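The next block holds one structure in the form of structure tokens; read it before the comments.
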Amino acid sequence: MPETSPRERIGIVGAGKLGTVLARLAVAAGYEVRIAGSGDPKFIALTVDVFAKGALATTAAEAIDGAQIVILALPLHRVESLPVDALAGHIVVDAMNHWEPVDGPLEEYTEAPGGTSSVVATKLPGSRVVKALSHVGYHDLDAHARDERRIALGIASDDKHAADAVADFVRTIGFEPVVLGNLAAGAALQSGSLAFGAALERDSLERIVAEHARTTT
Amino acid sequence: MSHLTFGVDTFADVMTDHDGNRLSDAETVRRTVDLGVIAEESGLDMFSIGEHYRDDMLDSANVVILSAIAARTSTIGLGTSVTVLSTQDPVRVFHQFSTLNAISGGRAHLTVGRASTTDSFPLFGFDLRDYDELFEEKLELWMKLLDGGPITWDGKSRPALTGQTLHPKLEDPLHTWVGVGGSPQSVIRAARHGLPLLLAIIGGNPARFAGHVELYHRALEQFGRPTLPVGQHSIGLVAETDDAARDAFWPVWRAATERMALERGWHAATEESFAHEVEHGALMVGSPETVARRIADAVQALGLARFELKPDIAGLSYEHREASIRLLGTQVAPRVRELAGAMESASA
């Protein structure tokens with residue numbers, strides 16, 4: 001359980017496969033959870049009741065307001081629809097990936113040397129962007145929280161305190177946080193890396209990230 | 001489980017002969033027709049063909065292949081897996097499938113949805129980011145077209161319809177299912193339109209999708225719709241023994257996942273991950289008894305009314321596909337009905 005009281009609020013933007021799993025995990029870990037889809041909250045009320053009972057279906061603005069951590073779990077090409085001003089000042093977890101079948105080709109993101117999150121950060125000025133919850137499949141997250149041998153989740157940010165706060169969250173929901181260097185270091189967690197889509201323990205993830213850094217610099 | 005149906009799904013994936021030599025595109029198409037006929041001979045209820053535009057899948061004109069099968073069969077359902085409605089013109093789709101329905105005596109079915117690959121989008125000039133909007137609009141039009149009669153419709157994705165009636169008029173209903181992956185929104189969309197649900201389960205234990213099935217049934221209730229069936233589509237291979245099945249499937253599975261890894265940045269399968277998927281996951285690979293038990297478990301966990309096996313992958317020999325289909329129809333399906341019936345009695 002988180003040590004602060006009242007309960008810390010997590011705001012999740014995106015009620016698809018990943019967003020609903022994260023909502024369920026956060027509720028189970030004792031957080032107050034708000035989750036938003038792309039439209040009226042009533043459209044996701046049933047989904048939330050089935051997959052993340054205890055979370056509140058809200059608008060994006062309501063999910064962001066007062067959240068200690070905001071998690072972006074919407075399709076990457078919809079980033080432009082986010083309320084930039086409302087997000088400013090918040091710790092914002094970028095859990096998104098470029099998925100061509102959903103996003104189409106997005107050269108702006110795929111060509112960026114600092115990874116997709118470095119581009120997201122430029123679109124969210126004022127936000128404290130942390131790349132996290134992005135490289136382990138939603139089905140693995142769903143099935144392996146609190147395993148005895150914890151799955152390692154990589155975390156990358158230019159903001160150390162934000163990275164630490166997200167590390168606490170990751171630990172509390174039942175995974176092992178592995179803090180990489182700055183936000184650009186998060187490129188080691190993307191498609192093409194052995195870390196992507198893999199459910200690994202700390203040692204393996206650290207080894208892969210180190211190898212990636214060696215071969216790309 | 002009084003009415004559990006079994007079918008075969010195929011993408012007319014590139015075939016090899018028994019020695020591993022790749023067959024020509026045309027030969028794969030011809031043999032796909034043969035497999036449709038064999039599916040009926042084996043007692044199966046449905047034969048469905050996908051819609052892709054790739055060099056390793058020859059199903060681009062699935063309705064033509066289905067028509068050839070229709071002419072050589074009399075009872076088997078002729079379906080799609082899936083019709084990529086978002087990049088099609090629903091008016092043309094209606095014309096094609098109403099004609100197939102006429103030829104086959106009412107045996108045409110469609111499953112609409114997102115294909116496993118996205119090639120139709122660039123080929124036909126659509127933007128993947130518009131997928132949801134396109135699919136929603138075209139599905140809404142499709143439902144109107146199924147009603148028959150003069151259609152008045154206006155939208156963004158094609159010219160308006162101003163009271164035209166489409167022909168050939170349907171003599172028998174044209175059954176439409178919605179194919180979904182794991183997205184809750186897609187499940188709700190199917191419920192909203194009152195269409196039965198086909199779950200594509202290609203990784204992980206099928207029981208994991210129990211939440212999606214619960215969501216579907218509760219959404220149907222919320223929309224004031226009657227109960228509708230739920231089906232499952234999975235990949236596999238049936239052979240005389242578990243070892244024979246795994247030995248045949250593993251090399252083509254590894255090659256296919258390696259290809260996908262290059263295309264999409266996932267990981268190629270390892271022997272370990274393969275074994276895990278076969279024993280606990282979504283790959284229905286094994287002897288008739290093994291596959292029957294895995295399917296029966298899924299039927300029980302998800303309340304399935306329909307099961308579709310895809311017994312092929314690019315590079316798999318024609319002979320293995322034929323064997324899977326024959327065993328599926330003659331041994332697996334009856335055994336699943338037996339097991340599912342017993343499970344139902346036990347829990348009654």
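Remember, predicted model here, so these are calculated numbers, not experimental data.
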Identify which part of B:Arg208 has an atom lying under 4.5 Å from any heavy atom of chain A, answering side chain, backbone, both or neither.
side chain
Non-hydrogen contacts under 4.5 angstrom with chain A: give the residues of residues 274-281 of chain B involved, or none if there are none.
none
Are the side chains of A:Tyr109 and A:Asp103 in contact, using a 4.5 Å heavy-atom criterion?
no
Under 4.0 Å between a Lys/Arg side-chain N and an Asp/Glu carboxylate O for B:Asp132 and A:Arg78?
yes
For A:Thr116 and A:Gln190, does a side-chain donor sit closer than 3.5 Å to a side-chain acceptor?
yes
Would you say the side chain of B:Val112 lies within less than 4.5 Å of the side chain of B:Gln88, judging by non-hydrogen atoms?
no
Applying a heavy-atom distance below 4.5 Å, give me the residues of residues 197-211 of chain A that approach chain B, sorted by number.
A:Gly197, A:Ala198
Between B:Tyr53 and B:Glu51, do the side chains contain an N or O donor and an N or O acceptor separated by less than 3.5 Å?
yes
Does a salt bridge link B:Glu308 with B:Lys310, judged by any charged N lying under 4.0 Å from a carboxylate O?
no
Under the criterion side-chain contact (heavy atoms from CB on, under 4.5 Å), which of B:Leu228, B:Thr111, B:Leu139 is the partner of B:Leu195?
B:Leu139
Do other residues, nucleotides or ligands put more than 12 heavy atoms under 6.0 Å from the CD atom of B:Glu272?
no
Within residues 42-59 of chain A, which positions have a heavy-atom distance to chain B below 4.5 Å?
A:Phe43, A:Leu46, A:Thr47, A:Asp49, A:Val50, A:Phe51
Does B:His267 use its side chain to pair, donor to acceptor, with the backbone of A:Ala195 at less than 3.5 Å?
no
Any donor-acceptor pair under 3.5 Å linking the side chain of A:Ser127 with the backbone of A:Leu87?
yes
Please confirm whether B:His52 and B:Phe11 have ring centers closer than 6.0 angstrom.
yes
Donor-acceptor check, side chain of A:Asp158 to backbone of A:Leu183, threshold 3.5 angstrom: yes or no?
yes
Look at the rings of B:Trp253 and B:Phe249 and say which category their plane angle falls in: under 30° parallel, 30 to 60° tilted, over 60° perpendicular.
parallel
Quick check: does any side chain N or O of A:Ser157 sit under 3.5 Å from a backbone N or O of A:Val129, one acting as donor and the other as acceptor?
yes
B:Ile295 side chain reached by B:Leu309 side chain, heavy atoms, under 4.5 Å
no
Do the non-hydrogen side-chain atoms of B:Phe121 and B:Asp130 ever get within less than 4.5 Å of each other?
no
Is any residue of residues 184-193 of chain B within less than 4.5 Å of chain A by heavy atoms, and which ones?
B:Pro184, B:Ile188
Side chains of A:Ser117 and A:Asp94: do they bring a donor and an acceptor to under 3.5 Å?
yes
